[in-house]
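Per chain, numbering begins at 1; letters A, B, ... match sequence-line order.
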Protein chains: 2
Amino acid sequence: MKKEVTTLKKMAQLLDISTSTVSRALNNHPDISEETTKKVKNLAKKLHYMPNIFAKGFRQHKTNIIGVIVPNILSYFISTILKEILLQAEIKGYRIIISETNNDVKKEKEMLHTMLQFGVDGILMSLSKNTVDVDPILYALNQKPLILFDKVSAKVPCTQIIINGEEAAFNAVEHLINIGKKRIAILKEFEQSYNSEKIFQGYLRALKTNNIAIDEKLILSTHDISLKKGRRLTSQLISLQEKPDAIFSITDTAAIGAIQTLHKFNIKIPEEIAVVGFSNSLNSTIIQPKLTTVDQPGNRIGEIAVNYLIKEIENPKEYLASKTIEIKTNLIIRESTLISI
Amino acid sequence: MKKEVTTLKKMAQLLDISTSTVSRALNNHPDISEETTKKVKNLAKKLHYMPNIFAKGFRQHKTNIIGVIVPNILSYFISTILKEILLQAEIKGYRIIISETNNDVKKEKEMLHTMLQFGVDGILMSLSKNTVDVDPILYALNQKPLILFDKVSAKVPCTQIIINGEEAAFNAVEHLINIGKKRIAILKEFEQSYNSEKIFQGYLRALKTNNIAIDEKLILSTHDISLKKGRRLTSQLISLQEKPDAIFSITDTAAIGAIQTLHKFNIKIPEEIAVVGFSNSLNSTIIQPKLTTVDQPGNRIGEIAVNYLIKEIENPKEYLASKTIEIKTNLIIRESTLISI
DNA sequence: CTGAAAGCGCTTACAG
DNA sequence: CTGAAAGCGCTTACAG
């Protein structure tokens, strides 16, 4: 089955020169005469020579492989990020190894370990939502360049790429206020979720700035914010004495659950209750009414993350500074908040 | 930055034994005494020894990396497949390198090449829809185990994992006939699409079996079957003299486009026109009415594909037979065809 | 039960 | 301009 494979040595024998010369010729070493270089390259092409990347990587302590660890590959947002990481890495000559944690902390640790063992040149990582102990990450960071994106942690001193969640939420909530809403509920995750907390901060600031009192009954937290939870929490909200007049959900999925429940109870959207989601997923334009939501440019995140990482890989000296880069988001206004006033 | 890394040699020096012995101890070679083995393993643990996989792979001509090439990572169906591939590979001790072709034939060829160059142990591949020349694939197949899934080609003599598209379509169309539909339109891709053709065959067989004449006007083909195309083709259909009473789309996306257009023209679904999609995407339960569709178990495809590949990698002798494995699908009946009769 | 040595395919400092 | 040689970290056939 396996074909005879062309090596430097074989070509050297055929041309009756040394492997050193062949190697140098293929790498465009200036010392080698044009003639020899040409000769070697021609033969290489003829024999479909492919350098054995493992031998090369092994020799040079560089594999040109980047490890990517994400919680869940099924998320559209994450797929968007991955897509751009693949594209950019390709361009720069890197290959991507992907691992999924499914939010399992133990798996996350194992994967980090395996990545290092596979000799990746660097790691891009989005934390599992259950990660509290960052020691394994610090350990990895100590060995290879590592960048966190989307789900990050302030406890890890490395470059981090996130969206401007606080500001995004502020804008979304102000939009609701601008269309006349005053009792704005929020569906969020529990405190340990970094992203959720940022969004929550923006929510609070928007209310404060606009002199709207905070009503604890309108702040609902859950561990896993899903479609079903969106429905359940919404049922809870509309059974309140004083109903909300808007619902802001930190995910589109839960927002869609909210819309479904509002439909069920014949509550008019957006007149009685407006709904805003977060992430501009595909579903947000399929649901009726179309969902107002915050667009998070996954491609930008992926692009910046991988390019920073490659920079850190290729200039190991310089990356002492661990900056946090915030990517701008956009509020996309659709029918679920479209009120003519 | 980079920490001192523990190697066999270093441990050998510390224990004052040979690297051969250290290597064998770690690999549980039966020759080595229990005592030595224990001693070595303890030290290895203490120093966080991680074998250099590149040196190992390089030595053993095995990298434990599987290359996966897919057209588009954003597709939910493909993500489902990838998720299971990652999971199963992990269990079996393989790492996954992913590349995306975006249906670009030239990129597809390059990626195949790079995969080989990276020394993957085998390749899992779903063809781009524009692939006609399979020579690059035959070339790869000649070097390493390779399995095609979902988008396959009869021209490549290798194991192929597909869904039972013909049967699935047959069942879907019979379902439409059973609820009393007689003028069933189909939205499909042009002839070169293997999957689309299979589905079309099932459509034709269902009509024939039920003595329904084929009406060419109800058979619409397009190159890229998208939401927009779903809308456009549906507009076309409802402007026919004799309208269809059902639309069968080979993708959910186009089916959703169809539904949107039917809404626009106030056509009742399913009473006037029923709609069936294909793939049971997330959107299919978000759209109103919920879409009847064919569920393709991506996880099954991923699971079988990767396990067959690993089998072929590990028993290179046996895989002469290139079988085609069909995965059963399920028709999920929802509101878009729910008629009480 | 253990070790010395060769070798996987490549690169590169050194020598000429 | 070119070559001989060492070495990256590991495994394994051979020898004892």
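Taking the centre and axis of the six-membered ring of B:Y308, the NZ or CZ atom of B:K311 falls inside the cone set by 45° and 6.0 Å.
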Pairs counted as Watson-Crick or G-U wobble with both distances under 3.5 Å: what dot-bracket string results for DNA chain D, using | for bases tied to another strand?
-> |||.||||||||.|||
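In this structure, CD of A:E34 is placed 17 Å from C1' of D:dT2, rounded to the nearest angstrom. Remark: P of C:dC14 and CG of A:D31 are 15 Å apart, rounded to the nearest angstrom. Spacing between atom CE of B:M11 and atom P of C:dT2 amounts to 15 Å, rounded to whole angstrom units. Distance B:N28 CG to D:dT11 P: 12 Å, rounded to the nearest Å. Taking atom CD of B:E35 as the reference point, atom P of C:dC1 lies 11 Å away to the nearest angstrom.
Contact of the A:K83 side chain with the B:N72 side chain is registered, since non-hydrogen atoms from C-beta on lie closer than 4.5 Å. Proximity of A:F149 to A:V70: side-chain heavy atoms (C-beta onward) are separated by under 4.5 Å at one or more points. Between B:I123 and B:I147, the closest side-chain pair of non-hydrogen atoms is not below 4.5 Å.
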Base versus backbone protein contacts along nucleotides 3-10 of chain D [heavy-atom cut-off under 4.0 Å; B, S, -] | BBB-BBBB
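Taking the ring centroids of A:H113 and A:Y139, they lie at or beyond the 6.0 Å cut-off.
Using modelled atom types and a 3.5 Å distance limit, the side chains of A:K106 and A:N130 yield no donor-acceptor pair.
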Begin with the C-alpha distance, continue with both residues' side-chain angles, and end with the deciding distance and a verdict on side chain to side chain contact (heavy atoms under 4.5 Å, CB included) for A:M111 and B:E90.
-> CA-CA 9 Å; A:M111 279 158 179; B:E90 185 86 24; 3.7 Å; yes
In sequence, state the C-alpha distance, the side-chain angles, and the governing distance for A:N64 and A:K56, and then conclude on side-chain hydrogen bond (donor to acceptor under 3.5 Å, both in side chains).
-> CA-CA 10 Å; A:N64 278 47; A:K56 204 169 169 172; over 6 Å; no
